[in-house]
Amino acid sequence: MGAINFNEQAIAFADAAEKANFLSGLQQTGLAQFKTLPFPTRKTEDWKYTSLFALTKQDYNQAVQSADVAGLNGLYDVEGLGANRIVFVNGVYQAQASNLDAQAGVLVETFLNASADLQADIAKQVGTIAETGRNLFTALNNAQVNDGVFIKLEKNVQLEKPIQIVHVTTAQQKSATAFARCFIELGQHANATVIEQFVSTDETQNVLLNQTTEASVGDGAKLNHYRLNSEHESSLHFGGVYVDLNRDSQFESYQVLLGGQIKRLDVLVNHNVGGSHCEMKGVYLPKHDQHVDIHTYIEHKAAHCTTNEVYRGIMADQSKAVFNGRIHILPDAQKTLAELSNKNLLLSDKAQINTKPELEIYADDVRCAHGATVAQLNETAKFYLRSRGISAQEADIMLSFGFINELLESIPLDALRTKMRPLMAEQFSSNRELTKHLLDSDVSEVAASGETA
Amino acid sequence: MLTIKNLQAKVEEKDILKGLDLEIKPGEIHAIMGPNGAGKSTLGNVLSGREGYEVTGGDVSFDGKDILDMDTEERAREGLFLAFQYPVEIPGVSNLEFLKASVDSVREHRGEEPMDSVTFLKLAREKCKAVNLDQNFLKRGVNEGFSGGEKKRNEIMQMMLLEPKLCILDETDSGLDIDALQVVAEGVNSQRDPNRSFIVVTHYQRLLDYIVPDYVHVLADGKIVKSGGKELALELEEKGYGWLENGGQ
Ligand SMILES: Nc1ncnc2c1ncn2[C@@H]1O[C@H](COP(=O)(O)OP(=O)(O)OP(=O)(O)O)[C@@H](O)[C@H]1O
Ligand SMILES: [Mg+2]
């Protein structure tokens, strides 16, 4: 065993696995890149605070399929969302669980189901945005790419129903890996909402899911992107999101990362042409022994672009989180407005956060701000709640919830917000008595809607 | 209702209350006035059991019970209410959720059934109206972005919902215009009851025109240095506190 083991295994595995032929070019370059990248250790740039030692102790196999796919519906169904849905279980597309309404100018297809013509098109695009030079897991994803989702909106098309892409993992006897991919192309002035949801059965998983998403947002187009991770705490997740923003385009993103044994997300957004806007909000809530690591890279390559990045985390018990947010402003990116805020709450003495907002500025006419804070729960606020008869325990939960909910309140999709609420509250306590006031649907609904009269 | 004997307390190693005595009977209104930094808010915090406010001597009996060993929430459930001088903002938690949680915990302590959401909503809207707050305030975050006056009215609304036995109003009148002052005063007066008492901390006599106290006390340097009827407030407004330091004559 040892660190080499994971790479060797993955390589052997990549050679052996059955994979889509039409993507062989990407698979080969991915594999080549994977071979040159060292297995991350504490000394590796970008992996300083995240140990992958756990990966070296396992023998990886291809995930075995779940027998009862229909029974998994409750894990991801979002009441009232009315979305087009594409479901993968352990990386394998499930037609029966998926449903897609046709809409003129909208193409949504899985790689393996695509026509030969479309596959040729997919092969040309997938891998063009994701940067593999520094990310072992994106290189691995390229090497292993097989099935995935391809979304294309013609110019001026407004997507009527959000697209919900679900990745379910199920418990495995032998430790296993699953891979998935997504490519989104929005034509000029198109507008789409894409929800990527990661869930698992409520049991020890033994699965490593590696998923990469790429998006090209056309001139004046807007991509609303959600990435919601709520798998079992034993899960391993390595995700990558790569976005190219064209002229005057917008990327609005919400990421929710509940804990996992190791959960790593890399987000790279390129302001390529000018006038584009990136609005990114994220929360991470590890507890117990969980570990979450978020690395964001915003590349301002052109003028008049704006970035507003807000991340909040709450670490409980012995959990750890890493937030590394880099905003890079290149010489041509004059008139950039960029803001990055990262606020953290530590709920226990043993919890840890390593936060590092980085601004690297090579243009002179820009306005940028960044800040990171680490704090405990506000004692005055806690006293206020307790002075109204609320128990100390419930007060802690309310304050934690409020800290996170402040960000989530701005999610424009009501159905998603309603779905996320209990997930958040349960994160702070599994005791229903202590979360009931946050989950009293009558009261919360009125609070969230306008109906007070 | 409340008996305070020789109460001494310190904050961060600094003695603030230095032997304070006060006796409040059911149904009475006591006004406490006094210079900045005298210890008025400290008294409210100590009575509410705030952490960091250490009692170093004396006794406090509330409704026949020694409360000094009780947690903050227990005291609140027993019927003690503190309207904060500076109410706290809690973004992300709606006022409504907060109010429901408070009312439920107090009712449970009293052995009453939890209020169903519909009844509660109706009641909350009613109280909102009583303090002239728009219903929208119910769904906003607790005090989030409220103006000074709105925060104070929110405090009074909470008091109305919780129906405490003893209400400590810490400068609830500060920063209010005359209309808001009247709203607050009407709110308080509507809660007057032979079994409910009030401690009204204020710097201004004008509040006492609307909420007429039975007694006025002067708190200076951690002690009650003078007590009298409502006319004492007028005298204080006229003369300030300086004359009291020389024996109060
Ligand atoms: N948490 C605290 N930490 C440190 N000192 C404190 C704290 N709370 C109160 N004090 C100090 O205790 C003294 C009394 O303060 P307190 O707030 O009780 O006065 P007050 O009579 O309410 O004044 P004001 O009329 O200005 O509201 C002051 O010197 C104040 O600085
Ligand atoms: Mg004060």
Side-chain angles (χ1 to χ4, degrees), chain A residues 281 283 310 312 314 343 345 376-411 417 420-421 424-425 428 433-453, chain B residues 44-45 48-53 71-84 86-109 114 116-118 120-121 124-125 128 134-144 158 161-162 164:
Chain A
K281 292 181 177 156
V283 302
V310 185
R312 286 193 176 187
I314 301 185
K343 291 188 182 169
L345 280 183
Q376 273 87 42
L377 287 176
N378 180 329
E379 281 302 320
T380 310
K382 187 170 172 180
F383 172 60
Y384 188 65
L385 294 177
R386 294 177 72 188
S387 78
R388 300 301 183 250
I390 297 169
S391 74
Q393 265 181 309
E394 190 174 357
D396 283 350
I397 291 163
M398 283 188 138
L399 292 174
S400 299
F401 181 86
F403 179 74
I404 291 304
N405 192 41
E406 210 188 338
L407 274 193
L408 297 183
E409 271 175 343
S410 57
I411 290 182
R417 236 186 7 248
M420 295 316 291
R421 252 186 114 80
M424 297 297 123
F428 302 119
E433 260 314 291
L434 293 173
T435 55
K436 67 180 178 190
H437 293 111
L438 297 170
L439 301 180
D440 183 333
S441 52
D442 292 339
V443 170
S444 304
E445 257 165 50
V446 171
S449 76
E451 297 165 45
T452 33
Chain B
N45 284 325
S48 301
R50 182 166 185 174
E51 275 167 31
Y53 288 73
D71 286 337
T72 296
E73 55 267 40
E74 250 181 293
R75 301 183 198 200
R77 293 169 191 173
E78 286 288 336
L80 192 117
F81 182 88
L82 172 66
F84 282 47
Y86 304 108
V88 184
E89 297 198 16
I90 308 178
V93 176
S94 80
N95 220 358
L96 210 50
E97 288 154 357
F98 160 64
L99 294 171
K100 181 80 162 65
S102 325
V103 168
D104 279 357
S105 53
V106 169
R107 286 179 68 94
E108 188 184 332
H109 184 76
D116 67 83
S117 306
V118 177
F120 174 74
L121 278 171
R125 285 173 185 144
C128 233
D134 191 277
Q135 313 261 316
N136 275 327
F137 283 89
L138 289 172
K139 60 176 180 143
R140 281 171 54 179
V142 177
N143 291 320
E144 187 186 358
Q158 292 167 34
L161 278 170
L162 294 176

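Any value given below was found using the heavy atoms of this structure, including those in side chains, with hydrogens, waters and symmetry copies removed. Proteins get letters first, then strands, A, B, ... in listed order; numbering begins at 1 in each.
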Notebook entry, point to check: Is it true that B:Y53 and A:F383 have ring centroids separated by less than 6.0 Å?
Noted result: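 No, the ring centres sit 6.0 Å or more apart.
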Mind checking the [atom1]-[atom2] spacing from [X] to [Y]? Nearest 0.5 Å is all I need.
X: B:E73; Y: A:K382; atom1: CD; atom2: NZ; result: 8.5 Å
X: B:E89; Y: A:T380; atom1: CD; atom2: OG1; result: 12.5 Å
X: B:T72; Y: A:L385; atom1: OG1; atom2: CG; result: 11.0 Å
X: A:M398; Y: B:I90; atom1: CE; atom2: CD1; result: 8.5 Å

Next item on the list: Heavy-atom distances under 4.5 Å only: say whether A:A395 touches chain B with side chain, backbone, both or neither.
Entry: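 Neither part, no heavy atoms under 4.5 Å.
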Can you tell me which of [options] forms the most heavy-atom pairs within a distance under 4.5 Å of chain B?
options: A:A392, A:A381, A:G402; result: A:G402
options: A:E379, A:R386, A:R388, A:E394; result: A:R388
options: A:N405, A:I404, A:L399; result: A:N405

Notebook entry, point to check: Among B:P87, B:P91, B:G49, who wins on heavy-atom pairs under 4.5 Å with chain A?
Noted result: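 Maximum pair count with chain A is reached by B:P91.
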Note to self: With chain A as the partner, which of B:D104, B:L161, B:L80 has the greatest number of non-hydrogen pairs under 4.5 Å?
What the structure shows: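 Sorted descending by pairs with chain A, the first entry is B:D104.
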Check: So, for B:S105 and A:G389, which heavy atoms are closest and what is the spacing to 0.1 Å?
Finding: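 In this case the closest contact between B:S105 and A:G389 is OG-O, 3.0 Å.
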What part of [X] lies closer than 4.5 angstrom to a heavy atom of chain A: side chain, backbone, both or neither?
X: B:L82; answer: both
X: B:R75; answer: neither
X: B:E51; answer: side chain

Margin query: Test side chain to side chain contact (heavy atoms under 4.5 Å, CB included) on A:S391 and B:R77; report intermediate values, then the result.
Written below: CA-CA 10 Å; A:S391 74; B:R77 293 169 191 173; 3.7 Å; yes
Next item on the list: Determine, step by step, whether A:Y384 and B:V142 satisfy the side chain to side chain contact (heavy atoms under 4.5 Å, CB included) criterion, reporting the C-alpha distance in whole Å, the side-chain angles of both residues, the deciding distance to 0.1 Å, and the verdict.
Entry: CA-CA 11 Å; A:Y384 188 65; B:V142 177; 3.9 Å; yes
